[in-house]
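Please read these numbers as outputs of a predicted model, since none were measured by experiment. Within every chain, numbering begins at 1; the chains are lettered A, B, ... in the order of the sequence lines, protein sequences first and strands thereafter. In what follows, every heavy atom counts, from backbone to side chain, and hydrogens, waters and symmetry copies are set aside.
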Protein chains: 2
Amino acid sequence: MDRRRVRGRGSGALMASKVVTIEDVALLAKTSPSTVSNVLNGRLDRMRPETQERIQRAMAQLGYTPNQLARQLKTGQVPILGLVIPSVANPFWGAFAQCVEEAARGRGYQVLFGNAGRDPAQEERYAESLWGYGVRGVIFGSSPLSLDHVQGLVRRGLRAVTFDRDTRGADRGVGVEIDSISVDNALGARLATEHLLALGHRRIGFLSGPLRTASRLQRLEGYRGALRAAGLDPHPALVWEGLPSEGFGDVEGAEFGRRGARDLLGLAEPPTALFAINDMYALGAYAGARDRGLAVPDDVSVVGFDDIFLAEVAQPALTTVRQPLREMLRTTVTMLVDRLEGSRDGPADHTVVTPELIVRASTAAREAA
Amino acid sequence: MDRRRVRGRGSGALMASKVVTIEDVALLAKTSPSTVSNVLNGRLDRMRPETQERIQRAMAQLGYTPNQLARQLKTGQVPILGLVIPSVANPFWGAFAQCVEEAARGRGYQVLFGNAGRDPAQEERYAESLWGYGVRGVIFGSSPLSLDHVQGLVRRGLRAVTFDRDTRGADRGVGVEIDSISVDNALGARLATEHLLALGHRRIGFLSGPLRTASRLQRLEGYRGALRAAGLDPHPALVWEGLPSEGFGDVEGAEFGRRGARDLLGLAEPPTALFAINDMYALGAYAGARDRGLAVPDDVSVVGFDDIFLAEVAQPALTTVRQPLREMLRTTVTMLVDRLEGSRDGPADHTVVTPELIVRASTAAREAA
DNA sequence: GACGTTTTGTGCAACGTTGTAGTAAATCGA
DNA sequence: TCGATTTACTACAACGTTGCACAAAACGTC
């Protein structure tokens, strides 16, 4: 009986499609699958140029594309990096994903991404499924405080790098290797706060969503530290945390910022400046100020964090704390791929990058009221 | 000799990692790989509940994750949808990717995305590599005018849907099945232009990057049609196309919009209103107007296209033509998955969705100058 | 022309999973 | 107690590729 393919049977219901295999190529080129495989893997010294050329022609003629699934079934992994982020719909994470993809492409890897909305269960499901596809390296963008949910996978050999999430504590607990990279969040927040203090502001609001990530807590600390250093008492009422039941504002960051600004500016003694947890919140704060009939920067100064490209285009251009995203992610990808390919080993690396304050038009000296 | 794994050899240099296989589970559960496979595939009627439970326990204990690579080697495909877009860094495409991911998840698929920057060669490389991973369904977001570069793959069985790109012409040429979905671009542009005309504007600029996509040309036609219908002669000088040598402004849309607005508003007879090819351009146009010392909407009205979430937050809130992205992409994913799973067949489907004008604060009646 | 040597090419057993075709064990009817 | 059924489970050959170990030419060399 002819053993050639009979596809599309079974319960799976996925449809048939004709696939050109290495064997078809070998047949047409009058050679063996092994030799074709040798061509694919660059072992050209093991054949006559003439043979190679015949194979190349056959491949082109049949439109052959190697089946990566089968190819990597032997090695057990696949040149894909997993990327777990809260939501690509947020311009910050969009730019993030773009930078990761560029850096990965430079190393011959592709990127499989998932929006996990900072939900540990979702992150875990996601990481599990990546593992199942042979993905052995994952970048976690701003995860929840704990990484327990991926420890199992990491123990089994998953290489991970976290962005904006210091994993030093986690390491000690379980002896597991997780690299991390982040900006010095406390410093960034201090820079922003000191800038506002220098402009004469004394009541400075802190505009954040839920404080359940390491980076947000660090920014809060930086803000408080700067206030204390200036002899001011950080007032809890000026810290806006949203409602605990709600999300992190990853999709609706601007909406959160708007509501928060409206709330803070509606206080009996409203702040004269706002430090937002990120640029989307800050841009939302513009709208919130407008809702209260206040102008930026004349009535309220606003500082953001991240320096997304919208910061410069915004009206007025946003003063913000810049994270050098592209460079950071190049480093991240390098760390990860080096570990995957075995050229780096040893204890986890925790890179901390220095942020920079970019002064634009959204901050002004407090009117001598 | 023990045949258990010896990994990490070979030239590939990809590192070892211990992998739990179906056989390990079978061993621990004192049963056969086949039975474990039956559990995995829900054929529970073929075993005692007790056996099933033993297997479940073994899987949990070993932390077993099925190897999708091997699993799908038989079926030849994988529950992943490919997504080819210009750039995730652009908030529109970010939201786009998010919607696709949500819809795909609802159908049990994941999304592998790539930024192709509208470069046909890049798109082709990308589609090839997706094919190699067993991906049999791809969504193309706003591709170049021609789809020749993926025809080969489509003939081999790739299922594709294009967004914002009518493939009717392509079909006739090669008899290949490509579904498409798009908004009625001409109508959207007409709506926008008529709105501006109704406000009394007579010199209306058309702010676009290179006109090398179907959707952009259609929008231009809609704009021209509306002008003609109002008895006006569309003036070529009012159509800004950027420089042909440059990109499409997918990453730097706002920057393009800013430059274009600056150019148009610097004309001897400047327009009093601008219709931007998309919202990022429109937001950039705000900055361009500001550069010229003009205010929106007092001195210039601006209309965008897409209705990205920033449109509402912007200062002033942007009047724009809304594309119902979420619904469109749900339809797109449904079409694609149905084809993949064989529940839909027949000739290509070309869905055209009706856009809606959302009037906000960036347009105003022309001052009776 | 018999022997090494190099060059060029091939056979085969994996990789982890699936589904069919099968066997073994339990149950049943008479 | 014997065959016939049903139930519970398993053997095995794929899927497309890889890389080692091996084989067959081709080429000296004396």
Check R48(A) with E53(A), please: is the shortest side-chain N to carboxylate O separation under 4.0 Å?
no
Atom CG of L44(B) and atom C1' of dT7(D) are separated, to the nearest Å, by 15 Å
Distance col, row T21(B):OG1 vs L62(B):CG, nearest 0.5 angstrom, shows 9.0 Å
Would you say S37(A) places a side-chain N or O within less than 4.0 Å of OP1 or OP2 belonging to dT18(D)?
yes
Can a donor-acceptor pair under 3.5 Å be found between the side-chain atoms of S32(A) and the base atoms of dG11(C)?
no
Rounded to whole Å, the CD1-C1' distance (I22(A) to dC12(C)) equals 14 Å
Taken to the nearest whole Å, CG/L69(A) to P/dT18(D) is 12 Å
Crowded around R107(B) CZ? As in, over 12 foreign heavy atoms under 6.0 Å? yes
Quick one: are the ring centres of Y133(A) and Y133(B) less than 6.0 Å apart? no
side-chain N/O R46(A) vs dT7(C) OP1/OP2, d < 4.0 Å | no
**Message:** Below the 4.0 Å mark, does dC15(D) have OP1 or OP2 next to a side-chain nitrogen or oxygen of N67(A)?
**Reply:** no
Check your understanding: Does a nitrogen or oxygen in the side chain of T35(A) sit under 4.0 Å from OP1 or OP2 of dT10(C)?
Key -> yes
To the nearest angstrom, the CZ-P distance between R43(B) and dA21(C) comes to 14 Å
Value for CG (D179(A)) from CE (M335(A)), rounded to nearest 0.5 Å, stands at 4.5 Å
N38(A) atom CG is separated from dT7(C) atom P, nearest whole Å, by 16 Å
When rounded to whole Å, the CZ to C1' distance for the pair R54(A) and dG9(C) reads 11 Å
Query - Distance below 4.0 Å between R48(B) side-chain N/O and dT7(D) OP1 or OP2 - result: no
Do the side chain of R71(B) and the base of dG16(C) come within less than 3.5 angstrom through a donor-acceptor pair of N or O atoms? no
- Does any donor-acceptor pair link the side chain of S34(A) with the base of dG9(C) at a separation under 3.5 Å? no
In whole angstroms, the gap separating C1' of dT18(C) from CD of Q72(B) amounts to 10 Å
Review point. Within less than 4.0 Å of OP1 or OP2 of dG16(D), is there a side-chain N or O belonging to Y133(B)?
Key: no
To the nearest angstrom, the NZ-P distance between K74(B) and dT20(C) comes to 9 Å
The nucleotide from dT18(C), dC9(D), dG16(C) with an atom nearest the side chain of A70(B) is dG16(C)
Practice item. Can you check whether any acceptor in the base of dA8(D) is under 3.5 Å from a donor in the side chain of T51(B), or vice versa? Key: no
